[in-house]
Amino acid sequence: VIIYLIILIIDKFVMPAYVHLGDEAELPDVVEMSLEEAKATLEKQKFVPIVVDSTYDENLSAGFVVEQSPYPFTRVKKGRKVYLTVCLGKKPILMPNLFYKSTREAEEIIKSYGLELRSKYYEYNDIAVDGVVIGQSYPQGQQIKKGTGITITISLGPFPVEKTIPDLVGSSLVSAKKQLQAI
């Protein structure tokens with residue numbers, strides 16, 4: 001009987017006091033709040049906010065809470081640590097390398113990155129073949145914003161060489177063909 005009473009006292013009084021039974025509160029929702037506002041809200045209700053991660057988000061500005069753990073509206077003990085993930089803003093785009101890509105391929109890459117083709121320039125180039133990109137308005141790897149206008153320069157191939165056409169007047173067809181092939 002004494003052992004039963006000791007177990008009953010421990011179960012009903014000692015353990016609840018030891019684990020602070022009943023000292024729980026509903027966790028507020030701090031997602032989409034600024035970090036300062038979220039910390040103030042949590043600390044006011046006796047929770048401990050801790051920033052554990054950061055991520056990019058297209059829908060929130062930098063410095064706002066994207067996620068919290070434990071989830072909002074769960075009942076947890078006061079003094080509990082609440083882990084927050086903070087937004088870094090929109091993910092920057094790094095300018096892709098368009099050099100020596102075909103015009104069509106470069107246009108597809110620009111479109112897939114959420115950029116816009118502003119204009120195309122053409123120039124002769126002794127190294128690049130006709131129709132490939134030999135210049136871009138931003139260097140590869142530079143951070144740019146979505147929707148930025150991109151200008152590309154496209155090779156026309158080597159500069160044409162001037163040739164003198166011989167006077168073919170009065171020549172036979174066979175003779176004229178031979179003279180033209182010799183050029």
Side-chain angles (χ1 to χ4, degrees), residues 29-42 49-72 82-183:
D29 184 5
V30 295
V31 174
E32 296 185 3
M33 285 185 185
S34 71
L35 181 59
E36 294 77 24
E37 185 181 358
K39 282 183 173 181
T41 301
L42 291 169
I50 297 175
V51 176
V52 292
D53 201 4
S54 55
T55 187
Y56 295 107
D57 191 300
E58 295 294 316
N59 302 316
L60 288 176
S61 299
F64 282 75
V65 176
V66 175
E67 190 176 289
Q68 75 181 65
S69 178
Y71 292 112
V82 179
Y83 301 101
L84 306 174
T85 300
V86 180
C87 182
L88 294 171
K90 293 181 180 181
K91 186 173 184 175
I93 298 171
L94 298 179
M95 180 64 191
N97 181 15
L98 303 176
F99 283 93
Y100 296 101
K101 306 276 191 224
S102 69
T103 306
R104 183 169 182 245
E105 185 179 4
E107 289 172 355
E108 290 299 319
I109 291 171
I110 289 168
K111 185 178 176 183
S112 73
Y113 274 72
L115 304 171
E116 293 180 22
L117 181 59
R118 181 183 308 141
S119 57
K120 298 180 206 175
Y121 293 109
Y122 296 87
E123 65 182 47
Y124 291 104
N125 186 291
D126 291 332
I127 299 170
V129 297
D130 183 23
V132 299
V133 176
I134 56 171
Q136 58 190 52
S137 54
Y138 294 94
Q140 175 188 358
Q142 180 176 338
Q143 286 189 3
I144 54 178
K145 294 181 180 178
K146 189 174 186 175
T148 299
I150 306 298
T151 299
I152 58 175
T153 303
I154 301 162
S155 173
L156 291 172
F159 197 81
V161 178
E162 282 188 35
K163 295 189 178 186
T164 305
I165 306 273
D167 184 16
L168 302 174
V169 177
S171 299
S172 69
L173 181 60
V174 174
S175 173
K177 282 184 180 180
K178 284 182 183 178
Q179 288 179 21
L180 289 175
Q181 288 173 349
I183 297 177

Student check: side-chain heavy atoms of [X] and [Y] closer than 4.5 Å:
X: D130; Y: I154; answer: no
X: Q136; Y: M95; answer: yes
X: L117; Y: K111; answer: no
X: L98; Y: I110; answer: yes
X: I144; Y: I150; answer: yes
X: T148; Y: Y138; answer: yes

Between atom [atom1] of [X] and atom [atom2] of [Y], what is the distance when rounded to the nearest 0.5 Å?
X: K90; Y: N59; atom1: NZ; atom2: CG; value: 8.5 Å
X: L84; Y: K39; atom1: CG; atom2: NZ; value: 8.0 Å
X: Q68; Y: Y83; atom1: CD; atom2: OH; value: 13.0 Å
X: E37; Y: L42; atom1: CD; atom2: CG; value: 10.5 Å
X: E58; Y: C87; atom1: CD; atom2: SG; value: 9.0 Å
X: I134; Y: I127; atom1: CD1; atom2: CD1; value: 9.0 Å

What heavy-atom pair brings [X] and [Y] nearest, and what distance separates the two atoms?
X: F64; Y: S34; result: CD2-N, 3.4 Å
X: D126; Y: P158; result: OD1-CA, 3.7 Å
X: N125; Y: A128; result: OD1-N, 2.8 Å
X: G157; Y: S155; result: N-OG, 2.9 Å
X: Y56; Y: P92; result: CE2-CD, 3.5 Å
X: L94; Y: G141; result: CD2-O, 3.4 Å

Could you check V86, T85, V65 and say which one makes a side-chain contact (heavy atoms from CB on, under 4.5 Å) with V51?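 The option that passes is V86.
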State whether K101 and E108 are salt-bridged, where the test is any N-O pair (Lys NZ or Arg NE/NH1/NH2 against Asp/Glu carboxylate O) under 4.0 Å.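 Salt bridge flag = no for E108 with K101.
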Can you confirm whether E32 is buried at CD, in the sense that more than 12 heavy atoms of other residues, nucleotides or ligands lie under 6.0 Å from that atom?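 Counting neighbours around CD of E32, 12 or fewer heavy atoms of other residues, nucleotides or ligands fall under 6.0 Å, so no.
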